[in-house]
Every structure is written in structure tokens, then in C-alpha cells.
Amino acid sequence: MPKNNVRDMTVGTPMPILLSFMMPLLLGLLFQQFYSMVDTVVVGNFLGNEALAGVGSTNSINFLVLGLCNGVCAGFAIPVAQKFGEKDFDGLRSFVGNMIWLGGGIAILVTLVTTLACGGILTAMNTPADTFRYAYDYIFLIFLGIPATMLYNLLSGILRSLGDSRTPLFFLIFSSLLNVGLDLLCVVTLKMGVAGAGWATLVSQLISGILCLVYMAKRFPMLHLEKENLKFQRYFARRLLVMGLPMGLQYSVTAIGSILLQTAVNGLGSVAMAAVTASGKVINLFACPYDAMGTTAATYAGQNLGAGKLDRVNTGVKHCAILGTLYALVALAAMYFGGAPMSGLFLDSKDMDSAAQILPLARELLVTNAAFYTALMGVNLFRFAIQGLGYSNLAVIAGVFEMIARGGVALGLVPVLGFTAVCYASPAAWVLADLFLVPCYFYCVKKQKAQQGEKKTAVLPEG
């Protein structure tokens, strides 16, 4: 393994650079989904469909809380990418030092609030009595592991901001394989129930984060912090919060709509809940390319903004849009022909009567969502490019549009149209967000070009 995989994304042909950065990200996300799917497969096949429905009912609240944490970490990485583009390495290290203070404080605060409130949250979401215990036992442990999640995401965000998407992949693969082994040990061998799946996730993420920290200390001398870099400094802390909090809030605001939708699904019964859970794992797996594309766009835009190369940002966005559209066609075909069999992997194979009710609903949800994957591409591509350009606050507005769409479908249409309305909730959210994000992206590029023009004019000599 090379000493490090730092990549300058401000020079060279954009398409090969984007692909070489995106592919390790994609593999990492696939492995992340892999061990999340193993949790679901083990729970569904060894503990039954009620346990599966209980674990699945926590997805939206899980997304709200962990989305907040992961969004904050991603936002913290953007100033690091910009400083790397500027070649201001001392400023880069000062941002990293202040990330330690802010990340630690946020992790402790969120862990305390969520572990104390998770029972009340599940009650407010109308979690059925037959699945409540499963939901609580699982989500409590996930919330308890928030510091481990924050540790890994902060470290991987730093590395990706330097153009290194490979090193985080190695640790994700390790974490995924470890989680699989611990799942089987805790749930199947030790009979720990759904809590075993929670412990497996917590422990694997903690070990992965610690190993990533040790590796970075040895292999990335650019990140060796001096005493001055570790001081809490208002300028760096404020800049980090300005970028990180909006990105975290964006996920949380979006998740409010998902919680309203999950509450509506809970009211449709355990069959609908299990269909959403089983198909949701497939949806998350097939959305990984767009998640990788979003992270790539943020890093690419951040580095090139720092280098003053906004034309390269536009070129990169165009190339990503072409790739994303082609992938959407492939994903739709896969969902249409294989949606039901893929969802069936997560169900109790011994309960054939229940599966016969669940699988048609799961396939309907998968095909409907895949038909709108170009809209999902737009959400990820333009939102993260905007964030890389330094306008994280605008991402919150896009999240509000997603919340309005999902919440409106949940409150207004699910009671009338039932599960069919559930299928159109996410597509409605993506389309509404895109109506804001696409023109917003071009506005941000235009504004940054104007600002860079003013700076160049200001430094011209008189006469």
C-alpha cells in the first residue's frame, strides 16, 4: 500500500479523476450497505418478520440522527478540501484540530439526547406493540455507538477532502466483514436477539475508527498536528460550524418527512412495514452510486473552488450527470425484473404466506422509485456540488422541500390511497428538491465567478 493516496483534483482530465475517486467510494458504500443488509437478513431469517418489521421501523429515526452526524462530518471536510486546493496546509491542519473539539462535543451531546429519548420517539411514531421491543433494543445500541460513527466519518471525511477515497475503503471493508462475523456470533450463536445486531454494528464501527486513526497518524505526515493547530480558535470553529451544521440539518430536516411517512406506514400494519423494510434495503443498495457521486462532487467542487477553477466544476457536474442518467436506466431494469427476489432475501423463508403478501408491495415500491432515479441523481449531484462551492445553508432549503413532499404524501395521501401513495413519496420529494437545486447550482457558480473576478481586479496594479 502506498504511503498515502492524496489526489489533487484541480489538474488533469475531469472524467478519469472523477471515476478514480468515485469507484473506491462506491465500493465502500456497497460494503456499508452489505453489512447493513446482513443485519436485516439475519434478523429476518433467524428472528422472524415481526423482528424485521421492528428493526425496519427505526430506519427513519436512524436516518434523522445518524444523518445529522454524518452530514456534520461531511460539512467539516469541505473547508479542508478548499484549503488543500489553496495549498494552505497550516490552515488545513488548524481546521482538523478544531474538528476534534467540535466533533467530540457534538457526538457526546447527540448520544445523551437520543439514548434518553428513543423510547418516547418510538411511541410517538405509533410503533406497534408487537414490534416495539425489537425496535427499542436495536435503535438504543445504534444511538449508543454514535461516538464511534462520528470518529470514523470525521477521519474518512478528512482523507476524502485530500482526494484519498481508497484508504477509507479498506477500513469499511474490514468493518463490514467484522460486522458480518459478529452478527452471526451474537444473533445466531449467542442468541442475543436484535440487540446482537446492534452490538455487532457498534463494535465493528468502533474498531474500524480506531484503526483508521492509527493508520492516518503513521501514513499521513501532512495531518500531523502541532500544538498551535490543536488550540480551539473561533475563526476555524465558526467556519466549520457554518459548513457542517447546515449539512447535518439538511439530513435531519429531510428525515422529518421520512419519519412522518414511516408513521403512516406503521398505521398500515406489519405487512406494509416489512415490505418497506425489505425493499428499503434494496433501494439503499442501488442508491449507492448516487451517494458516491454526491461525495465526489463536493470534494471536486471544493478543491477546484480553492484553486479558482470554476469551469472545471461545471465540466465535472456535466460528466457526472451523464454517468448518472445511464445508471438510472440499468437500475430500473434491475428493479423491474429482480425487485421481488431481491426483497425476498430479507424475509423469513419459512413464512411463505406472509412473504406472498409482502413481496408484491416491495416490488411496487422498488419499480416506482427506480423510475425516478434521474431525479435522485439531481438531488445528490447538485446539492453536494453546491455544498462544495461553500453554500451549505442552501442545502437545508432543499431538505425542507423534501420534508414537505414526503410529509404531504404521508399525511394527505397514504390515508386515502394506502401503500400506493407510499411508493410515490420519495419520488415526489426528489422532484420538488430538484426544482430548487438545479437553478440554485447555476446561481452559486455565477456568484463565485463574480467574487473571484472582484478579487483579481482588487490585486491589479494601478495604471
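Since the model is a prediction, treat every value here as computed from it, not as a measurement.
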Least distance between heavy atoms, P427 atom then N369 atom: CD-OD1, 4.1 Å
Could you tell me whether Y327 and Y290 have their ring centroids closer than 6.0 angstrom? yes
Counting only heavy atoms not in Y424, do more than 12 fall under 6.0 Å of its OH? no
Ion pair present between R160 and D164, side-chain N to carboxylate O less than 4.0 angstrom? no
Any side-chain heavy-atom pair from V72 and M247 closer than 4.5 angstrom? no
Looking only at heavy atoms, which two atoms of G193 and V187 are closest? And how far apart? O-CG2, 3.5 Å
According to the side chain to side chain donor-acceptor pair (under 3.5 Å) rule, which pairs have a member within residues 91-115, sequence neighbours left out? S94-N229
Main-chain N/O of I17 paired to S20 side chain as donor or acceptor, under 3.5 Å: yes
Do the non-hydrogen side-chain atoms of F84 and M222 ever get within less than 4.5 Å of each other? yes
With sequence neighbours left out, what residues match L141 under side chain to side chain contact (heavy atoms under 4.5 Å, CB included)? L144, A195, W199
Could you tell me whether the side chains of Q205 and T149 share a donor-acceptor contact shorter than 3.5 Å? yes
Neighbour count >12 (heavy atoms, 6.0 Å) for atom OH, Y443: no
Test M403 against every option in I259, I256, L432 by the side chain to side chain contact (heavy atoms under 4.5 Å, CB included) rule and name the one that passes. I256
Check for me whether the distance between the ring centres of F171 and Y215 falls short of 6.0 Å. yes
Between the main-chain N or O of T127 and the side-chain N or O of T131, is there a donor-acceptor pair closer than 3.5 Å? no
Any donor-acceptor N/O pair, S165 side chain to F21 backbone, under 3.5 Å: yes
With a 4.5 Å cut-off on side-chain heavy atoms, are V180 and V42 touching? no
How long is the span from the CD1 atom in I142 to the OG1 atom in T58, to the nearest 0.5 Å? 7.5 Å
Considering only NZ, NE, NH1 and NH2 on the basic side and carboxylate oxygens on the acidic side, decide whether R383 and E402 come within less than 4.0 Å. yes
Can R239 and Q82 be counted as having a side-chain donor-acceptor contact under 3.5 angstrom? yes
Report yes or no: do S176 and N179 form a side-chain donor-acceptor pair below 3.5 Å? no
Please say whether more than 12 non-hydrogen atoms of neighbouring residues, nucleotides or ligands are located less than 6.0 Å from NZ in K87. yes
Does a donor on one side chain and an acceptor on the other come within less than 3.5 Å for N153 and N70? yes
Between the main-chain N or O of L365 and the side-chain N or O of T368, is there a donor-acceptor pair closer than 3.5 Å? no
